[in-house]
Number of protein chains: 4
Amino acid sequence: MLKQKSEEYRGFRTPGIRLSEELLPDVVEHRTDRVLVTLYAFHAFDKAHLVMLAEERLIPLGDAAAMLRVLRETERLGIEQARLEAGGGMHSGEQVLIRRLSEEVGGRIHLGRSSGDLGVVSTRIVQRDKLLDVLLHLNRVRSAVISQAEAHVDTVMPGYTHGQHAQPTTLGHQLAAWAAVLERDFERAVQAYRRINVSPAGAAILTGSNFPLNRHRTSELLGFDRPAPSTFDAILSHDTELDSFCVLAILNADLGRWAEDLMLWSTSEFGMVDVPDRYCGTSSIMMQKKNPYAPQYIKGLGAASLGGLVTAFHAEKGPTGMPILDRQYSRDALWRLYDDTVRDLSWVHDLLPALRWNTSLMRARAGEHWAQATDIAGALVREKGLPWRTAHQIVGILVRVGYERGIGPADVTPDLLDEAAVAYMGRPVGLSEESLRKAVDPENFVRERAIFGGPAPQEVLRRLADFRATLARDEATYTDARQRVDEARRKLESAIDALVGSEP
Amino acid sequence: MLKQKSEEYRGFRTPGIRLSEELLPDVVEHRTDRVLVTLYAFHAFDKAHLVMLAEERLIPLGDAAAMLRVLRETERLGIEQARLEAGGGMHSGEQVLIRRLSEEVGGRIHLGRSSGDLGVVSTRIVQRDKLLDVLLHLNRVRSAVISQAEAHVDTVMPGYTHGQHAQPTTLGHQLAAWAAVLERDFERAVQAYRRINVSPAGAAILTGSNFPLNRHRTSELLGFDRPAPSTFDAILSHDTELDSFCVLAILNADLGRWAEDLMLWSTSEFGMVDVPDRYCGTSSIMMQKKNPYAPQYIKGLGAASLGGLVTAFHAEKGPTGMPILDRQYSRDALWRLYDDTVRDLSWVHDLLPALRWNTSLMRARAGEHWAQATDIAGALVREKGLPWRTAHQIVGILVRVGYERGIGPADVTPDLLDEAAVAYMGRPVGLSEESLRKAVDPENFVRERAIFGGPAPQEVLRRLADFRATLARDEATYTDARQRVDEARRKLESAIDALVGSEP
Amino acid sequence: MLKQKSEEYRGFRTPGIRLSEELLPDVVEHRTDRVLVTLYAFHAFDKAHLVMLAEERLIPLGDAAAMLRVLRETERLGIEQARLEAGGGMHSGEQVLIRRLSEEVGGRIHLGRSSGDLGVVSTRIVQRDKLLDVLLHLNRVRSAVISQAEAHVDTVMPGYTHGQHAQPTTLGHQLAAWAAVLERDFERAVQAYRRINVSPAGAAILTGSNFPLNRHRTSELLGFDRPAPSTFDAILSHDTELDSFCVLAILNADLGRWAEDLMLWSTSEFGMVDVPDRYCGTSSIMMQKKNPYAPQYIKGLGAASLGGLVTAFHAEKGPTGMPILDRQYSRDALWRLYDDTVRDLSWVHDLLPALRWNTSLMRARAGEHWAQATDIAGALVREKGLPWRTAHQIVGILVRVGYERGIGPADVTPDLLDEAAVAYMGRPVGLSEESLRKAVDPENFVRERAIFGGPAPQEVLRRLADFRATLARDEATYTDARQRVDEARRKLESAIDALVGSEP
Amino acid sequence: MLKQKSEEYRGFRTPGIRLSEELLPDVVEHRTDRVLVTLYAFHAFDKAHLVMLAEERLIPLGDAAAMLRVLRETERLGIEQARLEAGGGMHSGEQVLIRRLSEEVGGRIHLGRSSGDLGVVSTRIVQRDKLLDVLLHLNRVRSAVISQAEAHVDTVMPGYTHGQHAQPTTLGHQLAAWAAVLERDFERAVQAYRRINVSPAGAAILTGSNFPLNRHRTSELLGFDRPAPSTFDAILSHDTELDSFCVLAILNADLGRWAEDLMLWSTSEFGMVDVPDRYCGTSSIMMQKKNPYAPQYIKGLGAASLGGLVTAFHAEKGPTGMPILDRQYSRDALWRLYDDTVRDLSWVHDLLPALRWNTSLMRARAGEHWAQATDIAGALVREKGLPWRTAHQIVGILVRVGYERGIGPADVTPDLLDEAAVAYMGRPVGLSEESLRKAVDPENFVRERAIFGGPAPQEVLRRLADFRATLARDEATYTDARQRVDEARRKLESAIDALVGSEP
């Protein structure tokens, strides 16, 4: 009366069961190509769920063993291949089992489970695993940043604000700032990880089951930190996916800023850094061109991350349980973003030590555009007792007059400074030639700033030691998290061994 | 001394020409898989450019003919296959020609051209072609909407604001509103089309060429409306891509709203419409479920469109000419959005007439929750000369008291109305039973609203006739645009025939 | 029994009418401060609606005249003041009238009207009026851009792509590109204007009225182009507000790009342009600083526009009629965006001719970084018959060797070119010293590019003449639209005169 | 020679110092009205900086005491008033001091400081303080949610997915899910707090100072947890502001979802909940209307939050130090978002216990649309040993046939179930009447789900106890953070007392 048109078993999607019509091909939800990324997580959940069902005696041990054996066989063939042949999608595990073992046996796997927890468990496992990759690569970049910063504590360069020369600093100081930025990015990522690595398994669609599933056991076998304490929340709240987007959006905004710096500094006009040819392309018409390619992709990923985030927030909007398939678009985006982020972190890690800095130009520029002027005023405060504001105004006049007369920092004289002082306060200020020369020396500028967190080489090295210590702690955090996941994988296989062995 | 490591000719990317290193594999810009969508447009530009070069005698006629013959041969094989074998990407046409005809001949195609115009020409051609598909399917949906509206001018239903019953209207009136919405969507799309279908060909990277390229001819052969009047703007401005995103974002927000209505109205509680099974799925655990799938994908596409738009605007940010490869992410998104939009329009077109409306329930609901109360006040104004506000207040009291006493519109009496009137103004108002009954009749409510644009059946039909007339005009606009593009394709082939024929 | 607690008349919001409780103060919808922007439009609608009601004999002529007289009186006091005293908000007109004339008279104004059309009519009027300001200021900027472009057709400068020197062009050519960009921005704005300036008046909340309102007359009196053909669509569709956001987002992205150029070009390293001091600030610590301020606000407005757009799209999401008050946030944003946009256009208009260009530096830079290399290859094609690709490769080698040996374009010799040619194809190419010198001259580069839309001065002037002609047409479009609105205002006052006069 | 035009002292902005022209009025950066929110934080920083300068003997003790006295005086007047009179803005403290004490004294306050740290210190203080308010109100809402959940552990209602009836659950279970959601929101907020409450004071514009500022002391006096370990990062990284936006965007998306539920459930069709009148409005035309207002503002704030976030990310884009004033737009948005979030949390806190639930309707609905069907299949598995999938299919057929014949869960019989079983597997299944009745009882459905995190009343109460315990911990976290800030305030005043006292 009702069986499916084709020969193939399609379970609850067979027309004539609940619904009367075939789902239109392009409306098919669990479309194979969209879930390739999560296929391995469905497979892991299938195994862990079976183990738990058997251990709790909710299905016959023999059936469980037979099913686990088939799932292991598909691993030899490649689970992707095996599952695609069974129609693909989140329910392909059940399909494989029923086709090979009949509905009488394979029809038992889904007890107490739903597309709901299949979807959310797999989404969390994949986020967890990709986040671990981000943590690993982020730490590698942090290490490279700290090393480069150490190597450049003496590389004096201009610091910029509003695009204009602000004050001299060092490349080491600027890179140490990146160590701080990426430390926060790691913190965000690991904090999101803690919220994400929580198990929805056993929550089914929102109420769990009236079969006594052992949610703690499944959680343990899948490497989750603990089961979610509300079956309703576990399935129908998706703020942890928004967490992923926020982590990636900020991280890629940060990396994008660094890429913007590279783009700017490698212009002919700035000329401070040369990006190795292998990260660059030339032009099919302008053969002189050497275009930095990798930094543009890194910048662009910031745009894609923000767009992905907006898609996710917008897709979530609606009453509880109303938006479900809408989420497919943001989930597609999320997997790509994670992968591209790891790619970018890998580029940055390799590119950082390969950059060629024009250190002599950087040093020269640091002193050419009055970036050191702050210290002339400082000298007037220190040596002449002037209030800061008075000193500031006098040097302001000095700089303006300097520009008007074409006199730069290298040529400024105590006389000119006195002229400015007279203009401002009616009397000369009398700074010595020696003090003035010292004040306009960018290296001195940097050296004297041993304030906590400042650019003086020794201070930068002290802070870098702190960043290195935090990094070591964070590397241990990563290693521990990774090991817990690996250990769970081993536990799952042992449990399967025990079941399969017990029913040969 | 410098030739490439592998045997294959790779032209300007060969290490040892301008740059010394191989581009890292995952930094390769013109990545094959990312430009599959635009491959046919590169091919068309290759042909049109060659014809123009030959006609203007900028390359030898014999060489042009030989190259055009090879390009036509690749069409037999499938240009994708032929170009992928030559490395893929935007320069694969040149690669094919050089590999088959030597650099001496094939090396002539790129004269006066750049990756710049290759990129922008192809992006515009593909946008143009996909926009034409959107225009076509949008008009088909409009036609279906108008037909359904005509069929439902008498289907009385509640109109809602703030989620609450507002006033009775008809399904035909609500659908006629959609005719207006989609008419504006067509207008936006066709206006963007006019800005997009302008030829950057011959603009090279920003200055054109000092070879006397005939930009008008290439434009004509590629089906553009005219050449862009600034070579600088043609390559380095990308606001027309933002136009595409804006068109799609608004259109998909509009379709998404319609899908939200369907989701709401097909709940068990609303129960106004039944979506055919083929657009729905059931559940692997809750076998009673019939979940509307297609509407969720339609809603979700609104989210993806907004996200894509944000990616595009964000990727564009920067000084002129600074963001280039950043744009790859938004362009990827754009092609998917166009395709998914056409898919959704196609679903909506088929789904509209297949929806099953529970018209008796809709009719009953229209009168159950005091949606018709406006007309009781109207009757007091018309028959009793009360100011609107006074009438409004009296009926406001009536409704409150009705809710307090469990009296609905069907049971309301002149006495109760008088009670409210007394409460408000100290005297009864004396509306007759007949007037009151007429005032609470939802069908009468609708019938009396023959105001311009209102829900009275005859008025809806009049306005639908107007929408139909505009649609006819817009269909002609579409047909004309499509024919111009088709005609250009024929012109190009004729020009090639002439050249190939003249040099056998 | 029910009257309001305070003495003041508060109409339908009085507790004891429909609802029993006072609305919480911070939940009040039509909050006074949020609707100050639209207050004048409520006022206009109040007047036009009264005129129409009177002309159609839907309310007593005497009452209409009395009410119109009071409304005119409030104009003397300042409508803001008068309306704020009556509680502010969209219904403040009715409140004023009832307080002064009693509910018996003032209670008649709202016949056939709703908060729905009050809200949408006013939103459209304000958008219309602000769009007109944008159109006006945009045309003023376009005129300034064209004038500056004319003045700089001979100002040779580098053109950049990927942040690198691409090819020489002129400032006039780059500015002419801006003329094209802003022409499209005008087109978008005026197309949105046409969709926006359509009258929802008389649509009430979605069904219009069963009183025979003359919607065409109200539309005419309010300066709309025509009444909306669906009362349902007129109130419950808000895609025309999304239109506003799209227009502003693209326009401000365009202006932002120009501001990014200014920021880059005014760095010490680029040094191409000096922004007048009055658009800049200095620093409280770094007295040498001259920070471009205005360009940063212009750039930032691009960010605010994109954010506002996202707010609007997100607020709109939901079933028809469900999101209403949500829109308040995006509407607040919209008014600010419009005002800030006009401010920015005004800045740009004044700033453009005030910029000081370092034309000699720009000219020198255009030739220093091999931007002219394209033309060396061009010379090999033209004079030596080489295929483009062969010529391109030879010059690619030349440039690389030039960089390796520190030889720039000014010092390149035919011998070096021959060395590159031998390396590539085994034989020298023999370009004459004279041809080589001509090929590396940036001014010649520009002069020879008289291709349609190219940078040759005469060609730029031709295209600017076209842009000027289009601008003249667009100025007429603006003037015509403005005059229609002004004319409607006069019509409305005349109609009031007639009514007020007829009932002294 | 150069003094300012007006009489008023304007310090470094005086034309004739560094710059020659007056800043255009509408380009003024530190615009008074834009910094009103942060004015109190500038004031605190002024005081703490002076204390530190004095304690470190970097300025004369007498001058410090005089300045601190003046600052305290302004507190009596109201610092806003005093500072506005001195021109407003971030430098108004210095302006006040110089005007009252002359540049000789007041000109000393800014030593070692910059607009840079003034801006970032104040931004962080205000974020810190507003975040504390969010934490407080969030915990109050969590407490209310837990209380309501406890009160409703027996309130059976339908759970929905895809908008369709999924399974019975309880209102207590659904509210307990909210406890979990808001627990994560608190965690995000407090984690962001830890990153934000770090002191940039003493970092000046990026290099700190060559005066030996005690950054730890200033940090302590301002209630920061510690000084930022890089002066460069402290000023030029703004990812902690993005943190704020992410926290608010997710929190308001969560609250928005809850508001969407309210909107849906308070429709006439759902009718599950009644929102008190004081959160609702009626209509000026449809006097029957009771429109939920507050939930719409809550939903809308989600839109504003996402838009604000996009503004912030977009404004940040660019090389390090290039976007500065661009940020003004997102900062404006941030303050409003924080305030509106606290307003919404306050509404939710009050609204939750005031909602009136139609519990009998909810209970009835839970059983009317086959939401309990899962348990019929469960009974077949448990009692008849069927595989889950077989049982699922049989009940799928049962439901379809039920809909076809108009038979609902209340009327389903063992015979009908057998008919379905025969159709699927060729034989009846023989479930007893008693088992079937139990299986279709929604209360039994809920009661049996005592699985960890499930809806059984006792289990919900257990989990709520956990949530309450976590809340207690989080309340302590809040209190501790608030006390540290308050303690710092006292420390600062004591330090001032000491200084002011020492120099009468």
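First the proteins, then the strands, lettered A, B, ... as listed; each starts at 1. Only heavy atoms go into these numbers, but all of them, side chains included; no hydrogens, no water, no symmetry mates.
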Applying a strict 4.5 Å limit to non-hydrogen atoms, the region of B:Gln296 in contact with chain D is side chain
Is a side-chain donor or acceptor of B:Lys317 paired with a backbone partner of D:Gly318 at a separation under 3.5 angstrom?
no
Of B:Glu269, B:Gln288, B:Lys289, the one forming a side-chain hydrogen bond (donor to acceptor under 3.5 Å, both in side chains) with D:His165 is B:Glu269
Quick one: does any side-chain atom of D:Gln164 pair with a main-chain N or O of B:Ser266 as donor and acceptor, under 3.5 Å?
yes
Side chains of B:Phe313 and D:Val310 in contact at under 4.5 Å (non-hydrogen atoms):
no
Look up atom OG1 in B:Thr267 and atom CZ in D:Phe270, then write down how far apart they are to the nearest 0.5 Å.
4.0 Å
Any side-chain heavy atom of B:Arg389 within less than 4.5 Å of one from D:Ser284?
yes
Top residue by heavy-atom pair count (under 4.5 Å) with chain D, among B:Gln372, B:Met263, B:Arg365?
B:Arg365
Worked verdict on B:Met286 versus D:Gln167 for side chain to side chain contact (heavy atoms under 4.5 Å, CB included):
CA-CA 8 Å; B:Met286 300 162 293; D:Gln167 292 181 335; 3.8 Å; yes
Most contact-rich option vs chain D, by heavy-atom pairs under 4.5 angstrom, among B:Ala373, B:Gly271, B:Ala166, is B:Ala166
To the nearest 0.5 Å, what is the distance between CG (D:Leu306) and CG (B:Leu306)?
7.5 Å
How about NZ on B:Lys384, more than 12 heavy atoms from neighbouring residues, nucleotides or ligands closer than 6.0 Å, or not?
yes
Chain B heavy atoms under 4.5 Å from D:Leu264: which part of the residue, side chain, backbone, both or neither?
side chain
Quick check: closest heavy atoms across B:Asn291 and D:Thr161, and the distance to 0.1 Å?
OD1-O, 3.9 Å
Find out whether D:His162 and B:Ser283 are in side-chain contact, i.e. whether some heavy atom of one side chain is under 4.5 Å from a heavy atom of the other.
no
Give the minimum heavy-atom separation between B:Met287 and D:Gly396, together with the two atoms involved.
CG-N, 3.4 Å
